[in-house]
Amino acid sequence: MEKTIKLGISTCLLGENVRYDGGHKLDRFLTETLGKFVEYVPVCPEVECGLTVPRESMHLEGDPDAPRLITSHTKRDMTERMVQWAQKRVIELEKEELCGFIFKNNSPSSGMERIRVYNEKGMPVKRGVGIFAKIIMGHFPLLPVEDEGRLYDPKLRENFIERIFTLKRWRECLALGKNRGNLVDFHTKHKLLILSHFPKHYQLMGNLVAKAKEMALEDLFRQYQTLLMEALSLKATPKKNVNVLLHMLGYFKEQLSADEKKELIEIIEGYRQEYIPLIVPISLISHYVRKYNQPYLQQQVYLNPHPIELQLRNHV
Ligand code: SF4
(Lines give C-alpha, C1' and ligand atoms only; values in the text may rest on other atoms or scores of the structure.)
Protein backbone atom coordinates (compact mmCIF):
# COMPACT_ATOMS: atom_id res chain seq x y z
CA MET A 1 0.00 0.00 0.00
CA GLU A 2 3.13 2.22 0.16
CA LYS A 3 2.64 5.25 -2.13
CA THR A 4 5.25 7.23 -4.01
CA ILE A 5 5.57 10.87 -3.01
CA LYS A 6 4.99 12.87 -6.17
CA LEU A 7 6.01 16.52 -6.10
CA GLY A 8 5.37 19.09 -8.77
CA ILE A 9 8.49 21.17 -9.41
CA SER A 10 9.59 24.04 -11.62
CA THR A 11 11.54 22.25 -14.35
CA CYS A 12 14.59 24.56 -14.25
CA LEU A 13 15.31 23.42 -10.65
CA LEU A 14 16.05 19.95 -12.00
CA GLY A 15 18.85 21.32 -14.19
CA GLU A 16 16.88 21.42 -17.45
CA ASN A 17 17.87 24.25 -19.78
CA VAL A 18 14.43 25.84 -20.02
CA ARG A 19 15.04 29.35 -18.71
CA TYR A 20 14.58 32.44 -20.87
CA ASP A 21 18.38 32.71 -21.28
CA GLY A 22 18.80 29.01 -22.14
CA GLY A 23 20.14 28.18 -18.68
CA HIS A 24 18.87 26.29 -15.64
CA LYS A 25 18.74 26.68 -11.86
CA LEU A 26 19.80 23.21 -10.69
CA ASP A 27 19.22 22.74 -6.96
CA ARG A 28 21.37 19.90 -5.64
CA PHE A 29 19.47 19.45 -2.37
CA LEU A 30 16.28 18.90 -4.35
CA THR A 31 17.82 16.59 -6.95
CA GLU A 32 20.41 14.64 -4.96
CA THR A 33 19.03 14.55 -1.39
CA LEU A 34 15.24 14.97 -1.42
CA GLY A 35 15.18 13.42 -4.90
CA LYS A 36 16.02 10.00 -3.39
CA PHE A 37 12.64 9.94 -1.65
CA VAL A 38 10.28 11.58 -4.11
CA GLU A 39 9.30 11.44 -7.75
CA TYR A 40 9.25 14.83 -9.43
CA VAL A 41 6.62 15.97 -11.92
CA PRO A 42 8.38 18.83 -13.74
CA VAL A 43 6.38 21.80 -15.03
CA CYS A 44 7.85 24.75 -16.93
CA PRO A 45 4.88 27.04 -17.61
CA GLU A 46 6.67 29.29 -20.09
CA VAL A 47 7.96 26.45 -22.28
CA GLU A 48 4.80 24.33 -21.93
CA CYS A 49 2.57 27.22 -22.98
CA GLY A 50 4.53 27.32 -26.24
CA LEU A 51 7.34 29.84 -25.76
CA THR A 52 10.82 29.10 -27.06
CA VAL A 53 14.20 28.66 -25.38
CA PRO A 54 15.80 31.17 -25.37
CA ARG A 55 13.04 33.79 -25.23
CA GLU A 56 12.49 37.35 -24.21
CA SER A 57 12.34 37.80 -20.44
CA MET A 58 9.01 38.74 -18.84
CA HIS A 59 7.73 40.47 -15.75
CA LEU A 60 4.45 41.29 -13.99
CA GLU A 61 2.82 44.68 -14.49
CA GLY A 62 -0.24 46.55 -13.20
CA ASP A 63 -2.49 45.70 -10.25
CA PRO A 64 -0.48 43.50 -7.79
CA ASP A 65 -3.65 41.48 -7.09
CA ALA A 66 -4.33 40.81 -10.78
CA PRO A 67 -1.11 41.57 -12.68
CA ARG A 68 -0.42 41.05 -16.38
CA LEU A 69 2.50 38.98 -17.70
CA ILE A 70 4.38 41.25 -20.11
CA THR A 71 7.54 40.72 -22.20
CA SER A 72 10.23 43.10 -20.98
CA HIS A 73 11.23 44.83 -24.26
CA THR A 74 8.52 44.26 -26.86
CA LYS A 75 5.76 44.69 -24.24
CA ARG A 76 3.62 41.82 -25.49
CA ASP A 77 0.91 40.65 -23.08
CA MET A 78 1.28 36.88 -22.45
CA THR A 79 -1.33 36.64 -19.69
CA GLU A 80 -4.16 35.01 -21.65
CA ARG A 81 -1.85 32.49 -23.26
CA MET A 82 -0.43 31.47 -19.86
CA VAL A 83 -3.81 31.38 -18.07
CA GLN A 84 -5.48 29.27 -20.76
CA TRP A 85 -2.66 26.74 -20.74
CA ALA A 86 -2.47 26.68 -16.90
CA GLN A 87 -6.19 26.02 -16.50
CA LYS A 88 -5.83 22.86 -18.61
CA ARG A 89 -2.55 21.82 -16.94
CA VAL A 90 -4.03 21.83 -13.43
CA ILE A 91 -6.73 19.40 -14.58
CA GLU A 92 -4.01 17.06 -15.90
CA LEU A 93 -2.09 17.41 -12.64
CA GLU A 94 -5.11 16.16 -10.65
CA LYS A 95 -4.28 12.66 -11.93
CA GLU A 96 -0.77 12.84 -10.49
CA GLU A 97 -2.02 12.99 -6.86
CA LEU A 98 0.73 15.44 -5.96
CA CYS A 99 1.84 15.66 -2.31
CA GLY A 100 3.35 19.12 -2.82
CA PHE A 101 4.82 21.63 -5.25
CA ILE A 102 8.24 23.32 -5.23
CA PHE A 103 8.33 26.57 -7.19
CA LYS A 104 11.25 28.59 -8.53
CA ASN A 105 11.34 31.85 -6.63
CA ASN A 106 11.25 35.33 -8.19
CA SER A 107 9.62 34.08 -11.40
CA PRO A 108 6.65 35.99 -12.88
CA SER A 109 5.22 32.62 -13.96
CA SER A 110 6.34 30.18 -11.23
CA GLY A 111 7.02 32.31 -8.13
CA MET A 112 4.64 31.73 -5.21
CA GLU A 113 5.03 35.02 -3.33
CA ARG A 114 6.73 38.44 -3.22
CA ILE A 115 7.14 38.65 -6.99
CA ARG A 116 7.91 42.11 -8.37
CA VAL A 117 4.94 43.85 -10.01
CA TYR A 118 5.78 47.04 -11.88
CA ASN A 119 3.47 50.06 -11.93
CA GLU A 120 3.00 52.48 -14.85
CA LYS A 121 6.08 54.46 -13.72
CA GLY A 122 8.22 51.30 -13.84
CA MET A 123 8.49 51.06 -10.06
CA PRO A 124 8.24 47.52 -8.59
CA VAL A 125 6.38 46.36 -5.49
CA LYS A 126 7.16 42.86 -4.20
CA ARG A 127 3.56 41.76 -3.73
CA GLY A 128 2.77 39.57 -6.73
CA VAL A 129 2.28 35.86 -7.30
CA GLY A 130 3.42 34.16 -10.51
CA ILE A 131 0.56 33.52 -12.94
CA PHE A 132 0.93 29.73 -12.96
CA ALA A 133 1.71 29.45 -9.23
CA LYS A 134 -1.47 31.38 -8.41
CA ILE A 135 -3.59 29.02 -10.53
CA ILE A 136 -2.00 25.93 -8.91
CA MET A 137 -2.52 27.26 -5.38
CA GLY A 138 -6.12 28.24 -6.16
CA HIS A 139 -6.89 24.83 -7.68
CA PHE A 140 -5.21 22.79 -4.88
CA PRO A 141 -5.74 24.99 -1.81
CA LEU A 142 -4.52 22.38 0.71
CA LEU A 143 -1.46 21.29 -1.26
CA PRO A 144 1.84 21.95 0.58
CA VAL A 145 3.81 24.46 -1.50
CA GLU A 146 7.21 26.11 -1.07
CA ASP A 147 9.78 27.85 -3.19
CA GLU A 148 13.38 26.71 -3.43
CA GLY A 149 14.66 29.92 -1.82
CA ARG A 150 12.57 29.40 1.32
CA LEU A 151 13.67 25.76 1.52
CA TYR A 152 17.17 26.95 2.48
CA ASP A 153 15.65 27.90 5.86
CA PRO A 154 15.98 24.68 7.94
CA LYS A 155 12.69 25.27 9.81
CA LEU A 156 10.69 25.88 6.64
CA ARG A 157 12.38 22.90 5.00
CA GLU A 158 11.50 20.64 7.93
CA ASN A 159 7.91 21.87 7.94
CA PHE A 160 7.42 21.39 4.21
CA ILE A 161 8.89 17.89 4.18
CA GLU A 162 6.90 16.87 7.26
CA ARG A 163 3.74 17.95 5.42
CA ILE A 164 4.51 16.04 2.22
CA PHE A 165 5.30 12.83 4.12
CA THR A 166 2.12 13.22 6.18
CA LEU A 167 0.04 13.76 3.05
CA LYS A 168 1.57 10.58 1.61
CA ARG A 169 0.58 8.60 4.74
CA TRP A 170 -2.90 10.16 4.58
CA ARG A 171 -3.28 9.03 0.95
CA GLU A 172 -2.19 5.53 2.03
CA CYS A 173 -4.90 5.63 4.70
CA LEU A 174 -7.47 6.65 2.07
CA ALA A 175 -6.30 3.83 -0.19
CA LEU A 176 -7.03 1.34 2.60
CA GLY A 177 -10.66 2.47 2.45
CA LYS A 178 -12.70 5.25 4.03
CA ASN A 179 -13.86 3.66 7.23
CA ARG A 180 -13.86 4.89 10.82
CA GLY A 181 -11.35 2.29 12.00
CA ASN A 182 -8.72 3.48 9.50
CA LEU A 183 -9.31 7.10 10.49
CA VAL A 184 -8.96 6.35 14.20
CA ASP A 185 -5.76 4.40 13.51
CA PHE A 186 -4.28 7.25 11.45
CA HIS A 187 -5.26 9.84 14.04
CA THR A 188 -3.86 7.82 16.95
CA LYS A 189 -0.46 7.54 15.24
CA HIS A 190 -0.34 11.25 14.34
CA LYS A 191 -1.57 12.72 17.62
CA LEU A 192 1.79 13.96 18.90
CA LEU A 193 2.85 15.22 15.47
CA ILE A 194 -0.34 17.30 15.28
CA LEU A 195 0.16 18.53 18.86
CA SER A 196 3.67 19.73 17.94
CA HIS A 197 2.20 21.96 15.21
CA PHE A 198 -1.19 23.20 16.35
CA PRO A 199 -2.52 22.37 19.85
CA LYS A 200 -5.91 23.93 19.03
CA HIS A 201 -6.40 21.73 15.98
CA TYR A 202 -5.22 18.74 18.07
CA GLN A 203 -8.33 19.34 20.22
CA LEU A 204 -10.62 19.91 17.25
CA MET A 205 -9.41 16.79 15.47
CA GLY A 206 -9.78 14.73 18.65
CA ASN A 207 -13.39 15.96 18.96
CA LEU A 208 -14.04 15.17 15.31
CA VAL A 209 -12.72 11.61 15.64
CA ALA A 210 -14.70 11.14 18.88
CA LYS A 211 -17.98 11.82 17.07
CA ALA A 212 -16.98 9.84 13.95
CA LYS A 213 -19.93 7.43 14.35
CA GLU A 214 -22.44 10.28 14.08
CA MET A 215 -21.07 11.64 10.80
CA ALA A 216 -21.33 10.63 7.15
CA LEU A 217 -17.99 9.14 6.07
CA GLU A 218 -17.36 11.54 3.16
CA ASP A 219 -17.94 14.53 5.40
CA LEU A 220 -15.84 13.09 8.21
CA PHE A 221 -12.84 12.38 5.95
CA ARG A 222 -13.13 15.74 4.18
CA GLN A 223 -13.22 17.68 7.46
CA TYR A 224 -10.36 15.65 8.92
CA GLN A 225 -8.14 16.18 5.87
CA THR A 226 -8.74 19.95 5.94
CA LEU A 227 -7.88 20.16 9.65
CA LEU A 228 -4.81 17.95 9.16
CA MET A 229 -3.35 20.11 6.41
CA GLU A 230 -4.22 23.32 8.26
CA ALA A 231 -2.58 22.01 11.43
CA LEU A 232 0.65 21.04 9.73
CA SER A 233 0.92 24.29 7.83
CA LEU A 234 1.72 25.93 11.17
CA LYS A 235 5.39 25.47 12.08
CA ALA A 236 6.39 23.26 15.02
CA THR A 237 8.31 25.60 17.37
CA PRO A 238 10.74 24.71 20.21
CA LYS A 239 8.00 25.68 22.70
CA LYS A 240 5.46 23.29 21.13
CA ASN A 241 8.06 20.53 20.75
CA VAL A 242 9.05 20.91 24.42
CA ASN A 243 5.39 20.44 25.35
CA VAL A 244 5.33 17.16 23.36
CA LEU A 245 8.68 15.97 24.75
CA LEU A 246 7.55 16.54 28.35
CA HIS A 247 4.27 14.81 27.55
CA MET A 248 6.26 11.76 26.38
CA LEU A 249 8.46 11.87 29.46
CA GLY A 250 5.25 11.37 31.48
CA TYR A 251 4.97 7.84 30.04
CA PHE A 252 8.16 6.78 31.83
CA LYS A 253 7.33 7.97 35.35
CA GLU A 254 7.60 4.46 36.72
CA GLN A 255 10.58 3.17 34.77
CA LEU A 256 13.15 5.99 34.81
CA SER A 257 15.37 6.64 37.82
CA ALA A 258 15.49 10.15 39.29
CA ASP A 259 18.87 10.64 37.60
CA GLU A 260 17.61 9.50 34.18
CA LYS A 261 14.63 11.86 34.45
CA LYS A 262 16.94 14.71 35.42
CA GLU A 263 19.22 13.99 32.47
CA LEU A 264 16.28 13.94 30.02
CA ILE A 265 14.82 17.16 31.44
CA GLU A 266 18.22 18.86 31.11
CA ILE A 267 18.46 17.76 27.48
CA ILE A 268 14.93 19.02 26.76
CA GLU A 269 15.85 22.33 28.41
CA GLY A 270 19.01 22.51 26.25
CA TYR A 271 16.78 22.06 23.22
CA ARG A 272 14.30 24.71 24.48
CA GLN A 273 17.16 27.18 24.78
CA GLU A 274 18.25 26.23 21.26
CA TYR A 275 21.68 24.92 22.30
CA ILE A 276 21.08 21.42 21.02
CA PRO A 277 19.00 20.09 18.11
CA LEU A 278 15.68 18.28 18.45
CA ILE A 279 17.24 15.00 17.30
CA VAL A 280 19.04 14.69 20.68
CA PRO A 281 15.99 14.48 23.03
CA ILE A 282 14.12 12.52 20.33
CA SER A 283 16.92 9.91 20.18
CA LEU A 284 17.00 9.49 23.96
CA ILE A 285 13.21 9.15 24.18
CA SER A 286 13.23 6.68 21.27
CA HIS A 287 15.80 4.66 23.20
CA TYR A 288 13.48 4.49 26.24
CA VAL A 289 10.49 3.67 24.03
CA ARG A 290 12.38 0.64 22.69
CA LYS A 291 13.87 -0.35 26.02
CA TYR A 292 10.55 -0.27 27.89
CA ASN A 293 8.43 -1.32 24.93
CA GLN A 294 6.03 1.60 25.41
CA PRO A 295 3.11 0.68 23.08
CA TYR A 296 1.46 4.10 22.62
CA LEU A 297 4.71 5.95 21.91
CA GLN A 298 6.01 3.14 19.71
CA GLN A 299 3.40 3.95 17.11
CA GLN A 300 3.83 7.74 17.22
CA VAL A 301 4.87 9.14 13.85
CA TYR A 302 6.28 12.15 15.76
CA LEU A 303 9.35 10.11 16.66
CA ASN A 304 10.10 9.32 13.03
CA PRO A 305 8.10 11.52 10.63
CA HIS A 306 10.57 11.52 7.70
CA PRO A 307 13.76 9.68 6.71
CA ILE A 308 16.65 10.36 9.10
CA GLU A 309 18.98 10.80 6.08
CA LEU A 310 17.34 14.15 5.40
CA GLN A 311 18.75 15.39 8.76
CA LEU A 312 15.80 17.70 9.27
CA ARG A 313 16.00 17.70 13.06
CA ASN A 314 19.73 18.33 13.26
CA HIS A 315 19.59 22.14 13.25
CA VAL A 316 19.38 24.52 16.23
S1 SF4 B 1 11.02 29.62 -13.38
FE2 SF4 B 1 9.28 28.48 -14.16
S3 SF4 B 1 8.86 29.38 -16.15
FE4 SF4 B 1 10.91 30.00 -15.58
S5 SF4 B 1 12.24 28.46 -16.46
FE6 SF4 B 1 11.84 27.80 -14.40
S7 SF4 B 1 10.10 26.46 -14.61
FE8 SF4 B 1 10.21 27.62 -16.50
Any chance you could measure [X], atom [atom1], to [Y], atom [atom2], to the nearest 0.5 Å?
X: E218; Y: Q223; atom1: CD; atom2: CD; result: 12.0 Å
X: E61; Y: I70; atom1: CD; atom2: CD1; result: 5.0 Å
X: M248; Y: L195; atom1: CE; atom2: CG; result: 10.0 Å
X: R290; Y: L297; atom1: CZ; atom2: CG; result: 13.0 Å
X: R272; Y: L278; atom1: CZ; atom2: CG; result: 14.5 Å
X: T11; Y: K104; atom1: OG1; atom2: NZ; result: 13.0 Å

Take a 6.0 Å sphere around OH of Y275 and say whether it holds more than 12 heavy atoms from other residues, nucleotides or ligands.
no
Please check this pair: side chain of [X] against backbone of [Y], looking for a donor-acceptor N/O pair closer than 3.5 Å.
X: S196; Y: A236; value: no
X: K178; Y: C173; value: no
X: Q84; Y: R81; value: no
X: S257; Y: E260; value: yes
X: R171; Y: L98; value: yes
X: S10; Y: L13; value: no
X: H190; Y: F186; value: yes
X: S57; Y: S72; value: no
X: S110; Y: S107; value: no

Residue pair [X] / [Y]: nearest heavy atoms and the distance that separates them:
X: I194; Y: A231; result: CG2-CB, 4.2 Å
X: L234; Y: N159; result: O-ND2, 3.7 Å
X: K213; Y: R180; result: CA-NE, 3.5 Å
X: Y271; Y: P277; result: CD1-C, 3.9 Å
X: V125; Y: P64; result: CG2-CG, 3.9 Å
X: K189; Y: Q300; result: O-OE1, 3.2 Å

Between R127 and V117, is there a side-chain heavy-atom distance shorter than 4.5 Å?
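Heavy-atom side-chain distance check fails, nothing below 4.5 Å.
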Would you call the rings of F252 and Y288 parallel, tilted or perpendicular, where under 30° means parallel and over 60° means perpendicular?
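Tilted, since the angle between the ring planes falls between 30° and 60°.
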Quick one: sort the F103 and F132 rings into parallel, tilted or perpendicular, breaks at 30° and 60°.
perpendicular
Are [X] and [Y] close enough for a salt bridge, meaning some N to O gap below 4.0 Å?
X: R76; Y: E56; value: yes
X: E172; Y: K168; value: yes
X: D63; Y: R68; value: no
X: K262; Y: E266; value: yes
X: R89; Y: E48; value: yes

Decide yes or no on side-chain contact (heavy atoms from CB on, under 4.5 Å) for L232 and L167, but give the supporting numbers first.
CA-CA 10 Å; L232 296 191; L167 190 48; over 6 Å; no
Distance alone, cut at 3.5 Å: any donor-acceptor contact between the side chains of [X] and [Y]?
X: H197; Y: Y202; result: no
X: T166; Y: R163; result: no
X: T74; Y: T71; result: yes
X: E46; Y: S109; result: yes

ILVMFWY cluster, [X] and [Y] together (side-chain gap under 4.5 Å):
X: F101; Y: F37; value: no
X: I276; Y: L303; value: yes
X: V129; Y: L93; value: yes

Scan residues 301-315 for pairs that pass side-chain hydrogen bond (donor to acceptor under 3.5 Å, both in side chains), counting only residues two or more places apart or in two chains.
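Residue pairs passing side-chain hydrogen bond (donor to acceptor under 3.5 Å, both in side chains), neighbours aside: E158-H315, E162-H306, N241-Y302.
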Can you pull the salt bridge (Lys or Arg N to Asp or Glu O under 4.0 Å) pairs that have at least one residue in residues 106-116, sequence neighbours excluded?
E113-R150
